[in-house]
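Within every chain, numbering begins at 1; the chains are lettered A, B, ... in the order of the sequence lines, protein sequences first and strands thereafter.
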Amino acid sequence: MKIIVCVKQVPDAKDVRLDPKTNTLSREGVQSIINPYDRHALEEAVRLKEKHGGTVIVLTMGPPQAAEILRESVSCGADEAVLVSDRAFAGADTLATTYTLSQAIKKIGGADLILCGKQAIDGDTAQVGPGLAVRMDIPYVTCVRRIVEANDQTFVVERLMDDGYDEVEVALPALFTVVKEINEPRLPSLKGKMKAKKLAITTLTAADIDADTAQLGLKGSPTWVVRVFAPQLKGDRTMIEGTVQEQVNQLAEKLLEWC
Amino acid sequence: MDYFLTEEQQMIVDLSRQIADELIIPQRAALDESEEFPKDILDAVAKADLFGIYIPEEYGGFGAGTFEIVLALEQFGRGCVGVATAFAASALGAFPIMISGSEDMKRKYLPEIATGAKKAAFALTEANAGSDASGIQTTAVLDGDEWVLNGTKQWITNAGEAKIYTVIAITDRSKGPRGASMFVVEDTDPGFSYGVKEKKLGIRASSTRELIFKDCRIPKDRLIGREGTGFITVMKTLDKSRPGIAILGVGLGQAALDVAVTYAKQRVQFGKPIISFQAVQHMLADMAIQLEAARALVYAAAKHIDAHPKDMSKASSMCKVFATDMAMKVTVDAVQVLGGYGYMRDYPVEKMMRDAKILQIYEGTNQIQRNVVGQELNKEYTKA
């Protein structure tokens, strides 16, 4: 089974700051990490490989420094790494990103299964997974919390819902986005680190993936960020007093009011 | 200080540090309290390939030396000496097989120790045989194709958790030190059982129990090396393993210094952080100086041992004494810097102080190490 895992380099949420003047993310001195949800996608891919055999390829679109997270992914069990990198990709929104990724995946011969984290912790859109599946014209399941059955043709998975879960059967090739409940990602291994150090990362440019330049980067992005700001925290609060019964009644009324 | 590690050595440090920071440190207080064996942590260490660092590549290991295992143990020791001891004890149990075992024996046992699938343990100490190993009472008698073991080993680290035990027993009492031999005993061997789990001052995450042999029958080929070479194997094993204990002192000392300096910068008395007072500064400075000196000595001894396998004892004993005495002093001082808070279990330094004590005792007391250094000096100056 050939599995592609899409990973994204994001700023470590522990030390993210907004520049108060420009209201943009201050990336200076901020450590970059693999998007935490993508770690779970990678772990699931490696587990599938260990159980059923196959290859795990990690794929990212980003600047040359994004090679770091690809090496880290290989140290945690991925076999190959592909970096899609070109100045033309800069400023891409999710529409342009899914176009670029889909072209790259076609270039490397497609996959039986594509795994993504459910969303990135910086943009938080959760659009790239589903968008990529639509571009590839393959079925997708979001928020997968467990793979129940897996074989060469079909997967049965559990999709996490607000009020429980759905069990979904899906034919391959397919794309899943995963939630953190799916597994506990492993740490790197020494052999993995050695492999990652020596690894030759395949780098693909816009020309390599036969991209239509009008659909790339800022040009291909209908989304425009007008303003970024930190929401003001409001100090409003209401104290509910009385007996437990009275408090519950009042709370229920408030909640109904707000609904 | 920069010790100019190779890229591979730095990888071992980075990986071990990540395990210490992400897995060991968050759990150490709970493990100390519950006295639970850190199975999950050791499973993660196994998955990270670190059980195989020192095992030759042909037996599934990474093929590195004493220095590399020392680098990993320093980070684990910084996390928790109890957890680190459980890890180190498996190496101690494997060394006799590596040093004196036959090719078949190495092929049988080392790969599963390298993957961490099975842990090993080393069994020397008995009720009447501590520093004086000649007091060993456990016997092994050849009966047809089997050795029959009888006796009790005491305070065996990893007992009950390990699957592979390297055990010394007397095979011919009339021959004195040349009458002892080493054997591999497996967890499932008939007549082999464990005593109760000991309650300890520190390193509570490690398991310490008796090994009880009652007509324990093992195949003839479980003899490690030749009959009568048990003591030589034990001595070679300990020479190789002591830097591992020494470095636990360095890791522990570093952990204590980290807490002490951080606290001294935050704690305000008389309107100033206490680190601005010279009395505190000098304590912290002495801790840092002793710590760095110990680290340099242990690293140097480990590299010496990797390069000169026939001349290990003095370097090995010197670094064990110096680094573990340092750890005791530095942890006591860290508690002092934290004052009343340091004495409370809410802060990690009281546990560090309790953990430090064993380092001066196990794997040969520091008094015995000084004997070794003294005897080696005597030999050296006789030759000259």
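- Within a 6.0 Å sphere centred on NZ of B:Lys39, heavy atoms belonging to other residues, nucleotides or ligands number 12 at most.
- Within the 3.5 Å criterion, the main-chain N or O of A:Ser189 finds no donor-acceptor partner in the side chain of B:Asp49.
- Heavy-atom contacts from other residues, nucleotides or ligands closer than 6.0 Å to CG of A:Asp162 number 12 or fewer.
- Atom CD of B:Glu35 sits in a crowded spot, with more than 12 heavy atoms from other residues, nucleotides or ligands closer than 6.0 Å.
- Put simply, NZ on A:Lys193 and CD on B:Glu7 are 10.5 Å apart, with the number rounded to the nearest 0.5 Å.
- We find the CG-CZ distance between B:Asp43 and A:Arg186 to be 12.5 Å, quoted to the nearest 0.5 Å.
- Using a 4.5 Å cut-off between heavy atoms, B:Ile53 contacts chain A through its side chain alone, with no backbone atom that close.
- Rounding to the nearest 0.5 angstrom, the gap separating the CE atom in A:Met194 from the CD atom in B:Glu8 is 3.5 Å.
- Proximity to chain A (any heavy atom under 4.5 Å) is restricted, for B:Leu23, to the side chain, taken from C-beta onward.
- The 12-atom threshold is exceeded at OH of B:Tyr3, counting heavy atoms of other residues, nucleotides or ligands nearer than 6.0 Å.
- With respect to chain A, the highest number of heavy-atom pairs below 4.5 Å among B:Leu50, B:Leu15, B:Val45 belongs to B:Leu15.
- Atom NZ of A:Lys180 sits in a sparse spot, with 12 or fewer heavy atoms from other residues, nucleotides or ligands closer than 6.0 Å.
- Among all heavy-atom pairs drawn from A:Leu187 and B:Glu22, the shortest one is CD2-OE1, 3.3 Å.
- Crowding of B:Phe37 atom CZ: a count of heavy atoms from other residues, nucleotides or ligands under 6.0 Å exceeding 12.
- The two residues B:Ala48 and A:Pro188 come nearest to each other via the heavy atoms CB-O, 3.5 Å.
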